[in-house]
Colleague: 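Encoded as C-alpha cells, here's the structure I'll be asking about.
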Amino acid sequence: MTVEDVESFCTAVQNPDRMVRQRALKNFEQCFIPGLTSDDDCSRTFDETYLHILRCYSDRFESVRTLAVTAMDTLLAKLPANDYYLGCIVPVLAKRIGQAEIIEDSEELRLQLLEQLEALVAKFRDPDGVRGDPLLKVFDNVVDILIKTLRDPYPAAQKKSCEIVIALAEATPSLHYRAEALVAPAISILTHRHSANRIAAIDALGVLSLHILSNGDRVSEIIMAVSPLLMDDVPFVRRACGRVGCLMLHKLRDRYSFFHRILPLVLNCLSDDTAEVREDIAKRWQEAGELYYRENETELAKAALIEKLPPGYPVEQYVRPSLACRAIVQRSLRVVNLVLHEMEEWKENIRLHATKLLKQIVLHAESTLSTQFLEINPVLAKACMDSEKTVVAEALGVCELMGILLDYATWSQHVLSVFRSYPTIGQLRCLRTLYARCVQDEAKSNDVRRFAALLLDPDVCHNYKDAAYQRELLCFCTTLASVGEKRDQLAAGLEEITVSEPADGEHQTLERTLYTVALKVIAFCHGVEERNDIHEHGLCILRQLDDNVDRLHAHHLTSVLNKIAHLDSENSDANTSILLLCGIVSECGFQEPYFETLQETLDKALKHAAAEGKVKLFSAISVALLSWSDRNQQSIEMQNSMLKPFVDTLIAPYLIWAAGRSAESIRAMATACFASMAQGIKSEVYMLLLPNYINVLAGLIDDNCIATRAYTLKALQHLQALDFELLKQIAFPVLSRLDDPSSEVRELAAICLGRLRLNVSGDDITPADQEQALLERWQDILRQVLSVMFLHLEHPEIRLRTAIIDSIKRLYVDNRELIKRLTEDISPDRWYKKDLENMMA
C-alpha cells in the first residue's frame with residue numbers, strides 16, 4: 001500500500017459525505033488489506049491508518065461504524081501479536097461499550113465490538129505468563145467493558161460477554177485481580193428468559209469462582225446464586241449447574257472448605273429426571289471422587305480393605321457410590337442443615353428437590369448419617385405429610401434408605417423417646433417405613449413390643465378424624481405383626497394369655513397390644529361408609545393374629561374395656577370414649593367371656609353420658625343385639641340369665657316415660673333395643689324374657705314419638721302364644737294403631753295383630769272349665785279386634801290392606817269358626833270377600 005493510497009484513504013474517511021467514507025472503508029478492507037504480505041507492511045499500515053479507522057467507531061452513521069469495525073477486524077487478523085495494538089484499540093472499545101451509559105445504540109454493533117474484543121483476547125492470550133501477560137496492560141479496560149456488557153439488554157451481547165469471561169480466564173493469569181467485580185453482573189443473567197444465556201452465565205460464574213483467591217463469601221454467593229437453577233425447566237441448565245459443581249470439586253482453591261456447599265449442585269443432578277443429565281454428572285462426580293482418593297489415598301486405602309456392602313442394600317434400585325465419593329459426603333455432613341432448611345420452604349418445587357437431595361446424602365453417607373438423625377427426623381416427618389404427593393413419595397424413599405443404612409440402635413432409641421410427644425401422621429409414616437425397612441432383624445424383633453406399645457397411647461390410636469392417619473396406623477400394625485410372627489410371639493398360643501396378664505403396653509403380649517390398636521381403629525370406622533377399606537384392613541390384622549376373631553375378642557376385649565377412660569363424664573355423642581365404646585359394642589357384639597365387663601362399662605357410660613351420648617350407646621346396643629344368636633349358643637336358661645339383668649339394668653330404666661325431647665329420643669332408642677332382640681335372639685329365649693316387659697311395652701305403643709311406637713310394634717312382631725292377661729294388655733293398644741298418623745306404624749300394627757295367640761297350656765295344670773272360660777273371654781276380645789280389622793280393609797292404602805289380609809289368614813288357623821261367622825256378615829260386593837272365602841276353603 002503506497003503512501004498515496006494511505007493519504008487518499010485517510011482523506012476519504014474524513015470526507016463529510018457518508019458514501020465516500022463507506023467506499024473508502026470497503027476498499028481498504030477488500031483491496032488494500034489483502035495486499036499486505038509481511039508483518040512490517042501490516043504494522044506500518046496500522047500505524048498510518050488506525051487513528052482514522054478508530055475515529056470512525058464514533059461516526060454518526062451506523063453503516064460507517066460497522067464498516068470501520070469490520071476493517072479493523074480484517075487488519076488485526078494480519079497483525080503480529082504485539083501488545084502495542086491492544087493499547088490502541090481496547091481503550092476505544094471501552095469508550096464505546098464500557099461506559100455507564102449506553103454510547104453505542106446499535107445492538108448488533110455492540111455485539112460486533114464484543115466479538116472484536118473476543119478476537120483480541122484470543123490473539124494475545126498468554127495463560128502461563130510466559131510472554132509477560134500482554135492482556136494485563138488493558139486488563140482494567142477489558143473488565144470494565146465486561147461489567148457493562150454483562151448487563152447489556154441485548155441477549156446475544158450478554159451471552160457473548162459470558163463467553164469472553166471464560167476466554168479471558170484461559171488467556172491470562174491475572175483474572176484474579178478483578179474476578180470479584182464480574183460476579184454480580186454475571187449473576188444478574190441467571191434469571192434471563194433465554195436458557196442459552198443462563199447456561200453461559202452459569203459457566204462464567206463457575207470459571208470466576210476458580211479465580212477468587214481470598215473471599216470465600218463471594219464463592220458462597222456464586223454457589224447460592226446458581227443453586228436455584230437446579231430446578232430449572234431446561235435439562236441443559238440443570239446439567240450446567242452440575243458441571244460447575246464438579247468443576248469446583250476439581251479445581252476450586254480451598255475446595256475442601258466448600259464441599260458442603262458444592263455438593264448440592266452435584267448430588268441434585270444425580271437424581272435428575274433426565275437420564276442425560278444423570279449420566280453426565282455421574283461420570284464427572286466419579287472423576288471428582290478419584291481425585292479425592294488420590295489426595296487422601298493413605299486414609300481411604302485402609303477403609304477400602306475392610307468395607308463391605310451393607311446388608312439389605314437395595315442393589316436393584318441404586319448403584320452404590322464409590323468409596324471416595326461417599327467419603328466426600330461423609331466429611332461434609334454440614335450440608336444436611338442446609339438441606340433441612342430447604343425442605344421447610346413454602347415452595348413445593350424447592351421442598352421436592354431438597355428431599356431428593358437428602359436421599360442422595362443418605363445414599364452416600366450411609367451409617368455415618370446416624371448422628372444427624374435427631375435433626376433429620378422432625379423435618380423428614382413433616383415432609384411425609386406434605387400436601388404434595390411427590391414430596392411425600394420422595395420422603396418415604398428417604399425413610400426406606402435410612403431404615404436400611406442407618407444404625408438401628410441410634411434412630412430407634414430416639415423415636416421411642418420422642419414419638420409420644422409428636423404423634424403426627426408424618427411421624428407415624430416415617431417411623432413405620434424406618435422400622436419396616438430395617439434389616440437388623442434380631443434387634444428390631446427384640447424391640448417389637450416397645451414399638452407396639454407406642455401405638456397404644458390414646459393420643460396415637462384415638463385419632464379417628466384423619467382417615468390417612470388410621471391407614472398408617474394399621475399398616476404399622478401389619479408390619480409389627482409380621483415381625484412378631486417371625487419371633488413366634490403371636491404363635492405362642494392363647495394358653496399363655498391369662499387373666500393376670502400385666503396391663504401396661506410393653507409388658508403385655510404383642511398380640512394383645514396389636515389387637516387393642518386394630519380394634520380401636522375398627523371401632524372408630526364402624527358404620528362410616530367412606531372408611532370401609534380401613535375397617536376391612538383392621539379385620540385383616542385381627543385375622544392375621546388369629547383366624548377366629550371372636551376368640552380374640554373373648555381373650556382380650558375385657559382388657560380393652562377396662563382401659564376406656566372418662567366414661568364417668570358427661571360425654572356427648574362426639575366424645576372419643578363414647579365413639580370408641582359404641583364402635584366396640586357394634587363390632588364385637590355380646591359374648592359370655594366379656595359380657596359382664598361390657599355390661600358394667602355400658603352401665604357406667606349410660607349413667608353419666610349426655611342425652612346425645614345415651615342415644616348413641618343405645619343405637620350401638622341395638623346393632624349388637626341383632627347378632628346375639630350368632631355369638632351365643634348357650635342354653636335357653638343361660639341366655640335368659642344373661643339378658644334379664646342386662647335389660648333390667650341398661651334398657652328398662654330408660655323405657656319409663658319422662659318429659660322432654662331428649663328423654664323422648666332416649667326412650668325411642670331404648671325401645672329399638674327390644675326390636676333388635678326380637679330379631680337377633682332365638683324366639684324361645686325372647687318369649688321367656690318378653691313377658692316381664694309387656695306392661696311397659698303396652699304403654700309405649702301409645703307413645704307420642706312415632707319412632708318409639710314403630711320400634712315397640714317391631715318388638716311384638718315375633719310374638720309366640722301369650723297368657724290371656726298379657727294378650728289383653730297389648731291387643732287393644734295395638735289395634736288402636738291402625739288409625740296411627742304414620743303409615744309405617746299402621747302397617748306394623750296390622751302385622752302384630754296377626755301374631756296374637758292365646759297360650760292355654762301353662763306350666764300348671766289348668767282345669768278344663770277354666771281353660772274354656774279363658775277361650776271364651778279371648779274370643780270376645782278377638783271378635784272386637786277382627787271387626788275393626790275388617791273395617792280397615794276399606795282403607796285406600798294397599799300395603800295396609802295386604803298386611804291385614806295376611807294377619808287374618810294367620811288368625812284363621814286358631815279361630816276358624818269365629819272368622820267364618822264374621823265373614824258371613826260381610827256384604828258380597830266387598831272386594832276382599834272372595835279372598836276370605838278362598839282362605840276358608
Colleague: Is any side-chain N of the basic residue among R278 and D272 closer than 4.0 Å to the acidic one's carboxylate O?
Modeller: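 Judged by the 4.0 Å cut-off on N to carboxylate O distance, R278 and D272 do not form a salt bridge.
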
Colleague: Between the side chains of R471 and D466, is the shortest nitrogen-to-carboxylate-oxygen separation below 4.0 Å, so that they form an ion pair?
Modeller: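 Result for this pair is no, no salt bridge flagged.
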
Colleague: Using a 3.5 Å distance criterion without hydrogens, assess whether the side chain of S627 forms a donor-acceptor pair with backbone atoms of D630.
Modeller: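 No.
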
Colleague: F590: what forms a ring pair (Phe, Tyr, Trp, His ring centres under 6.0 Å) with it, not counting sequence neighbours?
Modeller: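 Per chain and number, F590 pairs via ring pair (Phe, Tyr, Trp, His ring centres under 6.0 Å) with F595, F646.
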
Colleague: Are M385 and L428 side-chain neighbours, meaning at least one heavy-atom pair lies under 4.5 Å?
Modeller: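 A side-chain contact is absent here, since even the closest heavy-atom pair is not under 4.5 Å.
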
Colleague: For a quick test of reading the model, state the closest non-hydrogen atom pair linking L401 to K359 and the distance between them.
Modeller: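 Minimum heavy-atom contact is CD1-CG, 3.5 Å.
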
Colleague: Can you list the residues that meet the ring pair (Phe, Tyr, Trp, His ring centres under 6.0 Å) rule with Y318, with sequence neighbours excluded?
Modeller: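 Partners of Y318 by the ring pair (Phe, Tyr, Trp, His ring centres under 6.0 Å) criterion come out as none, since no residue qualifies.
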
Colleague: Could you check H556 against E511 for side chain to side chain donor-acceptor pair (under 3.5 Å), going step by step and ending with a plain yes or no?
Modeller: CA-CA 9 Å; H556 301 304; E511 180 180 85; 2.8 Å; yes

Colleague: Pair D459, R420 - check salt bridge (charged side-chain N to carboxylate O under 4.0 Å, His left out), show working.
Modeller: CA-CA 8 Å; D459 290 336; R420 281 192 177 94; over 6 Å; no

Colleague: Do the charged groups of R351 and D386 touch, with an N to O distance under 4.0 Å?
Modeller: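 The answer is yes: the pair qualifies as a salt bridge.
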
Colleague: Under 4.0 Å between a side-chain nitrogen and a carboxylate oxygen: does that hold for K607 and D603?
Modeller: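 Yes, charged N to carboxylate O under 4.0 Å.
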
Colleague: Verify whether one side chain among T478 and H537 offers a donor that lies under 3.5 Å from an acceptor in the other.
Modeller: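 Note: T478 and H537 side chains meet the donor-acceptor criterion.
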
Colleague: Answer with yes or no whether the side chains of R238 and T274 bring together a donor and an acceptor at under 3.5 Å.
Modeller: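 Yes, side-chain donor-acceptor contact under 3.5 Å.
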
Colleague: In terms of side-chain heavy atoms, does Y292 have a donor or acceptor partner in R331 at a distance below 3.5 Å?
Modeller: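 Yes - a donor-acceptor pair under 3.5 Å links their side chains.
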
Colleague: Test your reading of the model: is there a side-chain donor-acceptor pair from H555 to the backbone of R551, 3.5 Å cut-off?
Modeller: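 Yes, because the side chain of H555 sits within donor-acceptor range (under 3.5 Å) of the backbone of R551.
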
Colleague: If you measure from the Lys or Arg side-chain nitrogens to the Asp or Glu carboxylate oxygens, is any gap between E307 and R320 under 4.0 Å?
Modeller: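 Judged by the 4.0 Å cut-off on N to carboxylate O distance, E307 and R320 do form a salt bridge.
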
Colleague: Between L606 and Y654, is there a side-chain heavy-atom distance shorter than 4.5 Å?
Modeller: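 Side-chain contact under 4.5 Å: yes.
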
Colleague: Would you call the rings of F373 and H414 parallel, tilted or perpendicular if under 30° counts as parallel and over 60° as perpendicular?
Modeller: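 Ring orientation of F373 relative to H414: perpendicular.
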
Colleague: Let me check something: any side-chain donor-acceptor pairs from residues 515-526 under 3.5 Å, sequence neighbours excluded? List them with distances.
Modeller:
| from | atom 1 | to | atom 2 | distance (Å) |
| --- | --- | --- | --- | --- |
| Y515 | OH | H553 | ND1 | 2.8 |
| T516 | OG1 | R512 | O | 2.7 |
| K520 | NZ | H462 | NE2 | 3.2 |
| H526 | ND1 | E587 | OE1 | 3.0 |

